[in-house]
Each structure stands twice: as C-alpha cells, then as structure tokens.
Amino acid sequence: MKRIIVLVAALFSAALVPQIAGAQASTPAGDPVKGAQKVQMCQGCHGIVGWRTAYPEVYRVPKLSGQNAAYIVAALKEYKSGDRSHPSMKAIAASLSDTDMLNIAAYYSQTPLTTAAQ
Ligand code: HEC
C-alpha cells in the first residue's frame, strides 16, 4: 500500500512540475542581481537624492529606488518607443533589451531609498 502511495505521489509531482515551470516562463520576473550590474550607467543621474541634470535643461531627476517594477519597465519602454520624450532617457532606454529593463526594474524596486543609493 505504501508503495502505491509513493508511486502516485511521484506521478502527480512529475505531471505538475512542467506546468509550474511553464507558468513561470510566461510571467518573467527580473533578476535584481543582473540588474545591479546594469545600473552603473543610471547612477550618475539617478544615484544622488535631489540631483538635477543640466542637459538639455536644468531638470530634477526622479528617484528610482523603491519605485514599482512595472512602472519602471513601462517608463523605459515609453522612452524607447518615443511615447515619452526626454533625449538622455531615450538614448539610454534604446540601449536596453526587454530583459535588461526587467532586471533593472527588479533591482530598483527592491532597493530601499537611502541617501547613498537613490
Ligand atoms: C543623463 C542623466 C540620466 C541617466 C544617465 C539616466 N537617467 Fe533616467 N531619467 C533622467 C531624467 C532627467 C528623467 C526625467 C525625464 C522625464 O521627465 O521624462 C529620467 C527618468 C527616468 C525614469 C522615469 C521615472 C519616473 O518617475 O517617471 C526611469 C524609469 C528612468 N529614468 C530609468 C533610468 C535607468 C534604468 C537608467 C540607466 C539604465 C537611467 N534612467 C539613466 C536622467 C537620466
């Protein structure tokens, strides 16, 4: 009897695992560790609390840390597509793949706002 239970349990989990793996693949989540490797190029502007850019005009740089991941991805896609226009951000977003955007968004959404890392 015990053997049958083990067999049924093994069959059940074997049938379930591919479904779980499939569900994860269809809703990709960013990797914050990979995101951290990409944010050096963002920190020059987004890394200082209250920082303002001087180009193309004096402009307050919005904070990214603690920001919602979906919001960050949506914003980057809008800069890339031209739906949002800002020359520096358009150039930066154009250099990022969809995976880069997810990873960066995962990093920033999980990094609390401090004075050291915005
Ligand atoms: C040259 C300075 C500069 C660099 C470098 C830079 N940004 Fe930005 N970013 C800005 C400015 C200025 C804005 C606000 C523009 C606007 O109002 O549309 C902005 C806006 C954004 C926004 C929208 C935020 C919001 O609250 O709506 C996101 C997301 C963003 N940047 C992500 C990034 C990422 C990710 C990187 C690095 C890959 C990066 N930025 C690099 C200057 C910069």
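Just so you know, residue 1 is the first one in the sequence shown, and it goes up from there. Just so you know, these numbers come straight off a predicted model, no measurement behind them.
- A donor-acceptor pair is defined here as one N or O able to donate and one able to accept, closer than 3.5 Å; such a pair exists between the side chain of His46 and the backbone of Pro62.
- If you chain together hydrophobic residues whose side chains sit under 4.5 Å apart, Met89 and Met41 fall into the same group.
- When every heavy atom of Val73 is checked against every heavy atom of Ala105, the shortest pair comes out as CG2-CB, 3.6 Å.
- Put simply, the side chain of Leu102 does not reach to within 4.5 Å of the side chain of Asp98, judged on heavy atoms.
- Residues passing the side chain to side chain donor-acceptor pair (under 3.5 Å) test with Ser85, sequence neighbours excluded: none.
- Put simply, the side chain of Tyr71 does not reach to within 4.5 Å of the side chain of Ser109, judged on heavy atoms.
- The side-chain heavy atoms of Tyr79 and Arg84, taken from C-beta on, include a pair separated by under 4.5 Å.
- Separation of atoms CG (Leu64) and CD (Gln43) is listed at 8.0 Å; rounding is to 0.5 Å.
- Note that NZ of Lys90 and CG of Leu76 are 12.5 Å apart. Values are rounded to the nearest 0.5 Å.
- Considering NZ of Lys38 and CG of Asp100, their distance stands at 4.0 Å, rounded to 0.5 Å.
- Shortest non-hydrogen contact noted between Met101 and Lys77 is SD-CG, 3.7 Å.
- With hydrogens and angles ignored, the 3.5 Å screen pairs no side-chain donor or acceptor of Asn103 with any backbone N or O of Pro32.
- When all heavy atoms of Gln40 and Ala36 are compared, the pair lying nearest together is OE1-O, 3.7 Å.
- Residue Ile104 holds its CD1 atom at 5.0 Å from SG of Cys42, rounded to the nearest 0.5 Å.
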